[in-house]
Amino acid sequence: MNTWNIIIEGFNKADITKHESIFSLGNGAMGMRANFEEDYTGDTLQGSYIGGVYYPDKTRVGWWKNGYPEYFAKVLNAPSWIGLHIKINGELLDLNTCLEVKNFRRQLNMKEGWYERSFTAMLPNQQEIQVKVLRFLSLRYDELGALRYEITPLTTDATIEIESYLDSGIKNSDANWDERFWNTLEISSEDNFATILAETKKTGFKVHTFMQNQLFIDNKTLNISPKENKKENYIGLQYELTAKKNQTFRIEKYGGYSRSNDYSTLTKSKTLSKSIALFDSLLENQREDWAHIWKTSDIVIEGDEKAQQGIRFNIFQLNQTYSGKYAHLNIGPKGFTGEKYGGSTYWDTEAYCLPFYMATKGAEVARNLLMYRYNQLDKAIENAEKLGFTGGAALYPMVTMNGEECHNEWEITFEEIHRNGAIAFAIYNYTRYTGDESYLKDYGIEVLIAIARFWAQRVSFSEEKQKYVILGVTGPNEYENNINNNFYTNYLASWCLRYAAEQVITLQKEGITKEETQQWLHIAQNIYFPYSEKYGVYLQQDGFLDKDLKPVSAIPAGERPLNQHWSWDRILRSPYIKQADTLQGFYFFEDHFTKEELQRHYEFYEPFTVHESSLSPCVHSVLASALGKTDEAYTLYLRTARLDLDDYNKEVHEGLHITSMAGTWLSIVEGFAGMRVKNGKLHFTPRLPKHWKSLSFKVIFQGEIKEIKL
């Protein structure tokens, strides 16, 4: 346990893919899993990724339905630049075939932003070597990464053959049709520098993958001219040298990706690489840049190392995933750590991530996240039109890269429409927190109008109930599909219509008739919310009480998680809730309800909640804190903070849960610290876990940095 470092010792082949995720690196523009630089023939998930570069993988379904997206956008596995083929006295270095691997250690230094790996290995030819590797992705130069690979022969003098290479012959493990997504256009090398120009199929993204090598023996520069090994999708630069016993050979490799057509970044990397001190200089820059990030984003917990390490890991990964520099990028559920979930953007951004970036990076970064949605408004209108909506109504996609819907599970694509409400709520949340009303006036109002027009058409008027109802939806709880009058969806729709109408009137927005805004208000005031007089709670949806209402505690432990043990039919008929649903509404609109109402709803729904979504524990933790259930809030906090570090769901090998990490921050700042915005000011109702000595953090509120210590 180390509060600034993640350290794992011991070589276990079964854990390799899991640790590739945990030790992932990113700089907001690109990222990579912690794959070995040298060959490894064991189980591994190779992965390097470039922000915004994607492929529209043709949808593969057995039964096509009208309205299905034609593709599922894949975050592409990009050409690899870290690779090294290494032979020691003719024997290939491969930890999967070594006779013995000892002193194996991985370290992720979160304070300074670098990853280190070291080990001692006995090769099949009885040669023992010691290896130490350090690498990072530069925050200062978006396109640049660096690695330092050191080899020390321990048995005898050794002939070291090393081939540093680039490889564009890669593919995604999640390809629908098992095809490759890149075309290699050009391959070239000059001295110790090489590049591959590749282009994505269909989307036409052109990317230069480059590398520059420098070689040393005991800190003395080696001037060795490499042999070129050029293949169809590959370029390798081969070096051969002799290292005496206990003498250290080192290669420093600089690489990355440039989408510049003028080669300026390539020229820059070649020029910089001529300086022997380049690696150390870049590493010092890295320390400075991470120190700047931690200045406003760190959370300090005294008295609980497990909780402290967990929150720092979450904050570190969030900052690796999104820097806020670019309005065309967003925060994918796996970030740069894996391929699962494909598309870049889910409703997670608005519901969970926006508050973190708003409070730790400031209004400009948060505004970029909102501009992302404004810039895709036309596509959201097109998405709605495909489903039969008219008049400028917009349905934002559940999953997207460019604004088009690219998720093809019908119960989510067509029915999980609550994402529209989360986007509207984010505009409101941004405005009240930052005090910046210009986004709402210049851009956000257009988004609100289009969303309101969607809700106005999506409701139906029930003659029997004499209320507006919303039929055939899936709420945040994806363990129920195609249900009617989901409370959370209905409440969001009502609020969105009211909020949009109020802003149109306040801003005196032209082009919107009084009749239209009055219709929005009429619908908002007359939407149906299912309610149980018996329990005194709003029902998650019509018919919820018809279920066999046995609590989660009645499920045998061996049958969890449900989605890996039960049929989907059984799950859909059960009362079990994947994540906060009705309670998500109470989280967003806490001030609309009394504390007594919150307590009734929490105590009714939490016993049915299996928390099998990574987005669930954090919301429940915040609500438990508000109710004074601090022990319960702490248990839920640890589950979200250490979800990946402790691999609660046994799925970390697929990548980290990046967006839920923002929920971990909410669990502390809105949960234990009780931070709220009321009447334009910050309010705190702290309820710290009893074993915490203190909690301190900073937030940027309305342009000023506030330091909070409890």
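Along the sequence shown, the residues carry numbers beginning at 1.
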Ion pair present between Lys547 and Glu480, side-chain N to carboxylate O less than 4.0 angstrom? yes
Between Tyr396 and Phe454, ring centroids under 6.0 Å: no
May I ask you to check whether over 12 heavy atoms, not counting those of Glu502, lie within 6.0 Å of atom CD? yes
Within this structure, what is the CD-NE2 distance for the pair Glu416 and His407, rounded to the nearest 0.5 Å? 8.0 Å
Please tell me if the side chains of Phe684 and Arg676 come closer than 4.5 Å, counting only heavy atoms from C-beta onward. no
Indicate yes or no: does Glu446 engage Lys509 in a salt bridge with an N to O separation below 4.0 Å. yes
With the threshold set at 4.0 Å, does a side-chain nitrogen-carboxylate oxygen contact exist between Lys386 and Glu70? no
Any heavy-atom pair between the side chains of Arg419 and Val399 that's under 4.5 Å? no
Gln466 atom CD, neighbour heavy-atom count above 12 within 6.0 Å: yes
Inter-residue atom distance Asn486.CG - Asn484.CG, 0.5 Å rounding: 10.0 Å
Separation between CH2 of Trp520 and CH2 of Trp455, rounded to the nearest 0.5 Å: 14.0 Å
Can the ring centroids of Phe608 and Tyr605 be said to lie less than 6.0 angstrom from one another? no
Could you check whether atom NZ of Lys465 has more than 12 heavy atoms from other residues, nucleotides or ligands sitting under 6.0 Å from it? yes
Any chance you could measure Cys618, atom SG, to Ile668, atom CD1, to the nearest 0.5 Å? 12.0 Å
Qualifying residue, where the test is side chain to side chain contact (heavy atoms under 4.5 Å, CB included) with Val473 and the options are His418, Arg458, Gln541: Arg458
Mind checking whether Leu682 and Val677 have side chains closer than 4.5 Å, heavy atoms only? yes
Near Lys58 NZ, under 6.0 Å, is it more than 12 heavy atoms from other residues, nucleotides or ligands? no
Any side-chain heavy atom of Tyr322 sitting closer than 4.5 Å to one from Val365? yes
Crowding at CG, Asp591 (>12 non-hydrogen neighbours, <6.0 Å): yes
To the nearest 0.5 Å, what is the distance between CD1 (Ile299) and CD1 (Ile708)? 11.5 Å
Just how far is it from atom CD1 of Ile427 to atom CZ of Arg373, taken to the nearest 0.5 Å? 10.5 Å
Can a cation-pi geometry be assigned to Lys706 and Phe701, taking NZ or CZ under 6.0 Å from the six-membered ring centre and within 45° of the ring axis? no
